[in-house]
Amino acid sequence: MEFDLREHGFKTDLEYGQLDISGNAQFGFRPYQLMVASIASCSGSVFRKILDKQRIQIEDMRIKANIVRNEVEANRIEKITLLFMIKGHQLDEGKLSKSLKIARKNCSMIRSVENSIQIEEKIEVME
């Protein structure tokens, strides 16, 4: 990947298109947003694949991320709580929890930050 300096941040051209990155949300995605999005979407994608392999059918999944940042330490991300809101019929919360634990072990983004950012995952079943 290559990043080119712009007036208000950086840009990179990727297979899908141009990505603008800036500390100011008016000019691009903020770095912390990209990190949280990477962690949440990676975890959700792996979780979905595991559910598919186990033939657990869901109608929908939404992930809500709550972020705790430390202003004293360069506003670093200290904790991310991911709430997986799963919609489906007759879903077994125990099976979903076990599948999410497997997903965590196989999510490259969580594994990359697990020693520096606390990641907490919760499941809410919506019928």
Side-chain angles (χ1 to χ4, degrees):
M1 295 175 73
E2 292 184 15
F3 299 87
D4 296 316
L5 180 64
R6 309 216 49 199
E7 183 178 351
H8 297 283
F10 288 86
K11 80 163 187 92
T12 185
D13 292 307
L14 303 169
E15 295 87 350
Y16 188 71
Q18 180 175 304
L19 177 63
D20 294 304
I21 306 163
S22 176
N24 183 332
Q26 293 179 332
F27 300 104
F29 295 101
R30 297 182 64 198
Y32 92 92
Q33 293 170 327
L34 294 170
M35 178 168 285
V36 173
S38 294
I39 292 166
S41 61
C42 176
S43 181
S45 295
V46 174
F47 185 35
R48 182 178 181 182
K49 286 179 188 175
I50 290 167
L51 295 176
D52 287 346
K53 285 182 181 179
Q54 294 178 345
R55 293 190 170 93
I56 298 173
Q57 294 184 356
I58 62 171
E59 292 175 23
D60 196 17
M61 179 190 310
R62 170 173 253 172
I63 304 169
K64 182 176 180 181
N66 184 23
I67 304 106
V68 175
R69 298 179 74 184
N70 186 334
E71 292 179 18
V72 177
E73 293 185 23
N75 216 14
R76 77 178 204 83
I77 299 170
E78 287 194 338
K79 180 178 180 181
I80 301 171
T81 302
L82 300 175
L83 174 60
F84 291 81
M85 296 173 282
I86 311 292
K87 185 176 180 182
H89 297 287
Q90 299 177 339
L91 294 173
D92 182 325
E93 285 192 51
K95 287 182 182 179
L96 291 173
S97 292
K98 287 180 183 178
S99 297
L100 187 55
K101 286 179 184 176
I102 295 168
R104 181 186 183 104
K105 291 178 183 176
N106 291 284
C107 172
S108 61
M109 296 297 100
I110 287 180
R111 297 303 305 267
S112 295
V113 301
E114 66 188 351
N115 294 320
S116 59
I117 299 175
Q118 181 184 352
I119 308 287
E120 181 179 45
E121 296 154 313
K122 299 178 181 180
I123 294 177
E124 179 181 312
V125 175
M126 302 165 34
E127 299 270 341

Just do the side-chain contact (heavy atoms from CB on, under 4.5 Å) check on D4 and F10 with the steps written out, would you? CA-CA 5 Å; D4 296 316; F10 288 86; 5.9 Å; no

Not counting sequence neighbours, which residues clear side chain to side chain donor-acceptor pair (under 3.5 Å) with [X]? List them please.
X: S22; value: none
X: E59; value: H89
X: E124; value: none
X: K87; value: none

How far apart are the closest heavy atoms of [X] and [Y], and which atoms are they?
X: S43; Y: C107; value: N-SG, 3.5 Å
X: F47; Y: I86; value: CE2-CD1, 3.8 Å
X: A40; Y: L82; value: CB-CD2, 3.9 Å
X: E93; Y: I123; value: OE1-O, 4.5 Å
X: A65; Y: I80; value: CB-CG2, 4.4 Å

Sub-4.5 Å side-chain heavy-atom contact between D20 and F29: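 Side-chain contact under 4.5 Å: no.
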
How about CZ on R48, more than 12 heavy atoms from neighbouring residues, nucleotides or ligands closer than 6.0 Å, or not?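 It does not: R48 CZ has 12 such atoms or fewer within range.
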
Is it true that, when you exclude E71 itself, more than 12 heavy atoms of the residues, nucleotides or ligands shown sit nearer than 6.0 Å to its CD?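 Counting neighbours around CD of E71, 12 or fewer heavy atoms of other residues, nucleotides or ligands fall under 6.0 Å, so no.
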
For residues 109-119, please give each side-chain donor-acceptor pair under 3.5 Å, one per line with the distance, not counting sequence neighbours.
residue: R111; atom: NE; partner: E114; partner atom: OE1; Å: 3.3
residue: R111; atom: NE; partner: E114; partner atom: OE2; Å: 3.0
residue: R111; atom: NH1; partner: K105; partner atom: O; Å: 3.2
residue: S112; atom: OG; partner: S108; partner atom: O; Å: 2.7
residue: S116; atom: OG; partner: V113; partner atom: O; Å: 3.3

Can you list the residues that meet the salt bridge (charged side-chain N to carboxylate O under 4.0 Å, His left out) rule with [X], with sequence neighbours excluded?
X: E2; value: none
X: E120; value: K79
X: R62; value: none

Report the C-alpha distance between L96 and L51 in whole Å, list the side-chain angles of each, state the deciding distance to 0.1 Å, and finish with yes or no for side-chain contact (heavy atoms from CB on, under 4.5 Å). CA-CA 8 Å; L96 291 173; L51 295 176; 3.7 Å; yes

Rounded to the nearest 0.5 Å, how far apart are CD of Q90 and CD of Q57?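 Atom-to-atom, Q90:CD and Q57:CD are 11.5 Å apart.
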
Same cluster or not: are V125 and I63 linked, directly or through other Ile, Leu, Val, Met, Phe, Trp or Tyr residues, by side-chain heavy atoms under 4.5 angstrom apart?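 As far as the 4.5 Å side-chain criterion goes, I63 and V125 are connected within one cluster.
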
State plainly whether one hydrophobic cluster holds both I67 and L83, where clusters connect Ile, Leu, Val, Met, Phe, Trp and Tyr through side-chain heavy atoms under 4.5 angstrom apart.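 In one cluster: no.
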
Result block: side-chain N/O donor-acceptor pairs under 3.5 angstrom for residues 31-38, not counting sequence neighbours:
residue: Q33; atom: OE1; partner: R30; partner atom: N; Å: 2.8
residue: S38; atom: OG; partner: L34; partner atom: O; Å: 2.9

SB check D13 K11 (cutoff 4.0 Å):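 Looking at K11 together with D13, the answer is yes, because their closest N to O distance falls below 4.0 Å.
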
For L14, enumerate each residue passing the side chain to side chain contact (heavy atoms under 4.5 Å, CB included) test, keeping only those at least two apart in sequence or located in another chain.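 L14 satisfies side chain to side chain contact (heavy atoms under 4.5 Å, CB included) with M1, T12, L19 once adjacent residues are dropped.
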
Going by the rule side chain to side chain contact (heavy atoms under 4.5 Å, CB included), which residues pair with I102 if we only count those two or more places apart in sequence or in a different chain?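 Expected list: I50, Q54, N106.
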
Residues forming a ring pair (Phe, Tyr, Trp, His ring centres under 6.0 Å) with F27, sequence neighbours excluded: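 Residues passing ring pair (Phe, Tyr, Trp, His ring centres under 6.0 Å) with F27: H8.
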
